[in-house]
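Inspection log for the structure reproduced underneath, given as C-alpha cells.
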Amino acid sequence: MTDFTTIAEAFSRTAERYDRFAEDHPHQARMRDKVYAHLTRHLAPGARILELNAGTGTDAVHLAHEGFRVHATDIAPGMLKRLRDKVDREGLRERISVQECSFTDLDRITGGPYDAVFSDLGGLNCIPDLTPIVRSLPRVLRPGGVVTWVLMPPVCLWELALILTGRVRLALRRLAPRGTRAHLEGLYFTVHYFTPPKVRRAFGAQYRLLEIEGLSVITPTAESKNLAKRHRTVYRALAWLDDRLAGVPPWRGWGDYFIISLRYEP
C-alpha cells in the first residue's frame, strides 16, 4: 500500500531544494521544453488543464504564460506553498487555480471537466498500478480530452551504462519487479516503473493512442546538471541523436522518462 503521508512530507521537505536545483540547469530545461512541445501538439489554444503532481508549479506557470488555464494539484503542502507564491508573484491567479488533492481522489477535484489531464516527470510512479487512476479520469476529463503523462520506464540506457563504472546496484535499480526503495530527505518510499505497452493496456479501448515519445533516451538523466554546461559539444551531439530516436520504437521506451498521450473517446 502506498504511503502518501510519507511521500507528501518528503516532497514538502525538498521543495526549496527542488527549485534551487532547477536553476541554471540547461538539460532539465531542455527536457521540460520537449514535454511542453509534446503536450501542446495535442491541445487547442487556451485549453483547460488539470495537472496532477504539480509540485512547485514550474509547469503550471509556464503553461499559464502560454495562454492555458491550469488547475494545479498536489499532496505536498511544502510544494503547494511555493506554487502559490509563484502564482501571486507572477500575477497568474486568473489562469492558475490550486488544490491540495491526491491523484487517487479525483472525485474531489473541482472545476472540471477539463480538456487535458497532465502529469510531468514521474509523479505517477509512486503507485504500483495506474488502472484505478484511469478509471477515475471520466470524472474530470471531457470526452475528446487528452491525457499526457510523463512516466519513468524500467529500462533507462543512461542508468544501465553505469554498470561500466561498477555502480551495479544503481544501474539495475529500475528492474526490481516490486519497485525500488527511494530515499528523499530522510524518508523512504517505493517507486514503480511502467513500460509504454503496460500503460497503454491500463487505458483500454476508450482511449486512442496519439503519441509515445522517449525523454532523454541518449542524453543524461534529469539529475545530470554538469554535462550540458561543461561539455557543450558532446551534449549537443547527444541531444541531436536523442531527438531522432525519441519517437522510434523500442528507443522511445528506453529513456529516463517517456511521454504518452491518449485521447478519451468513450
Side-chain angles (χ1 to χ4, degrees), residues 4 7-23 25 28-126 133 136-142 144-151 215 222 257 259 261 264:
F4 287 107
I7 293 171
E9 177 61 23
F11 280 93
S12 287
R13 292 182 185 181
T14 200
E16 182 179 355
R17 184 179 301 178
Y18 182 86
D19 273 346
R20 191 166 61 247
F21 182 71
E23 296 173 359
H25 195 327
Q28 194 176 105
R30 175 182 179 271
M31 293 176 69
R32 288 190 185 274
D33 285 345
K34 289 181 72 67
V35 172
Y36 302 147
H38 180 116
L39 173 65
T40 56
R41 278 197 292 272
H42 303 293
L43 294 182
R48 299 176 66 244
I49 302 170
L50 168 63
E51 184 179 7
L52 312 179
N53 319 111
T56 64
T58 300
D59 297 326
V61 167
H62 174 88
L63 293 168
H65 281 306
E66 292 297 310
F68 298 99
R69 296 183 180 274
V70 183
H71 186 59
T73 66
D74 204 287
I75 60 170
M79 291 281 191
L80 291 175
K81 181 182 184 304
R82 295 188 70 83
L83 192 161
R84 291 187 175 101
D85 288 345
K86 291 177 184 178
V87 170
D88 290 342
R89 186 168 62 249
E90 304 204 23
L92 292 172
R93 285 192 178 186
E94 296 299 315
R95 291 201 169 273
I96 300 177
S97 52
V98 182
Q99 182 180 359
E100 184 174 333
C101 185
S102 170
F103 54 74
T104 60
D105 294 320
L106 294 184
D107 57 325
R108 293 182 49 234
I109 294 293
T110 59
Y114 292 90
D115 300 309
V117 178
F118 170 58
S119 181
D120 201 1
L121 297 185
L124 292 173
N125 285 90
C126 293
I133 314 305
S136 298
L137 286 175
R139 301 174 184 175
V140 294
L141 182 65
R142 68 168 181 81
V146 171
V147 179
T148 296
W149 289 351
V150 184
L151 299 159
L215 187 60
Y257 299 87
I259 316 167
S261 287
Y264 176 43

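Checked by atom type and distance alone, the side chain of His42 never pairs as donor or acceptor with a backbone atom of Ala116 at under 3.5 Å. A side-chain donor-acceptor contact under 3.5 Å links Asp74 to the backbone of Gly55. Of the possible donor and acceptor atoms, none in the side chain of Arg69 sits under 3.5 Å from a partner among the backbone N and O of Ser97. A side-chain donor-acceptor contact under 3.5 Å links Gln99 to the backbone of Thr110. Counting only distance, with no hydrogens or angles, the side chain of Arg95 and the backbone of Gly67 share a donor-acceptor pair below 3.5 Å.
Residues forming a side-chain hydrogen bond (donor to acceptor under 3.5 Å, both in side chains) with Asn125 (at least two apart in sequence, or on another chain): none. Residues meeting the side-chain hydrogen bond (donor to acceptor under 3.5 Å, both in side chains) test with Ser12, sequence neighbours left out: none.
The minimum heavy-atom distance between Met31 and Leu215, with the atom names listed, is O-CD1, 3.7 Å. Smallest separation of non-hydrogen atoms from Val140 and Leu106: CG1-O, 3.5 Å. Here the shortest heavy-atom pairing between Leu52 and Thr73 reads CA-OG1, 3.6 Å. In terms of heavy atoms, Leu43 sits closest to Ala47 at CB-CB, 4.3 Å. Shown here for Asn53 and Gly123, the closest heavy-atom pair between the two residues is OD1-C, 3.6 Å. Taking each heavy atom of Ala222 and His25 in turn, the nearest pair found is O-NE2, 3.1 Å.
When side chains are defined from C-beta on, Asp115 counts as touching Arg142, because their heavy atoms get closer than 4.5 Å. In this structure the side chain of Met79 reaches within 4.5 angstrom of the side chain of Thr14, judged on heavy atoms. Considering only heavy atoms from C-beta on, Leu63 comes within 4.5 Å of Leu39 through its side chain. A 4.5 Å side-chain heavy-atom check between Leu137 and Tyr264 finds every atom pair outside the cut-off. Between Arg32 and Leu121, some side-chain heavy-atom pair lies under the 4.5 Å cut-off. For the pair Asp19 and Thr58, the minimum side-chain heavy-atom distance is below 4.5 Å. Looking at Phe118 and Val35, their side chains come closer than 4.5 Å, going by heavy atoms from C-beta outward.
To the nearest 0.5 Å, atom NE2 of residue His62 and atom CG of residue Asp120 are 10.5 Å apart. The line from CD1 of Ile109 to OG of Ser102 is 9.0 Å long, rounded to the nearest 0.5 Å.
More than 12 heavy atoms of other residues, nucleotides or ligands sit less than 6.0 Å from atom CD of Glu100. Remark: Arg41 CZ is packed, more than 12 non-hydrogen atoms of other residues, nucleotides or ligands lying under 6.0 Å away. The local environment of CZ in Arg93 is sparse, with at most 12 non-hydrogen atoms from other residues, nucleotides or ligands closer than 6.0 Å.
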side-chain contact (heavy atoms from CB on, under 4.5 Å), that's the test. Do Phe103 and Ile75 meet it? Break it down for me. CA-CA 9 Å; Phe103 54 74; Ile75 60 170; over 6 Å; no
Tyr257 and Trp149: CA distance, side-chain angles, deciding distance, side-chain contact (heavy atoms from CB on, under 4.5 Å) verdict: CA-CA 10 Å; Tyr257 299 87; Trp149 289 351; over 6 Å; no
Is there a salt bridge (Lys or Arg N to Asp or Glu O under 4.0 Å) between Lys81 and Asp85? Walk through the geometry before answering. CA-CA 6 Å; Lys81 181 182 184 304; Asp85 288 345; 3.2 Å; yes
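Pairs passing the ring-ring contact (aromatic ring centres under 6.0 Å, His included) check and including a residue from residues 64-86, sequence neighbours excluded, read His71-Tyr114.
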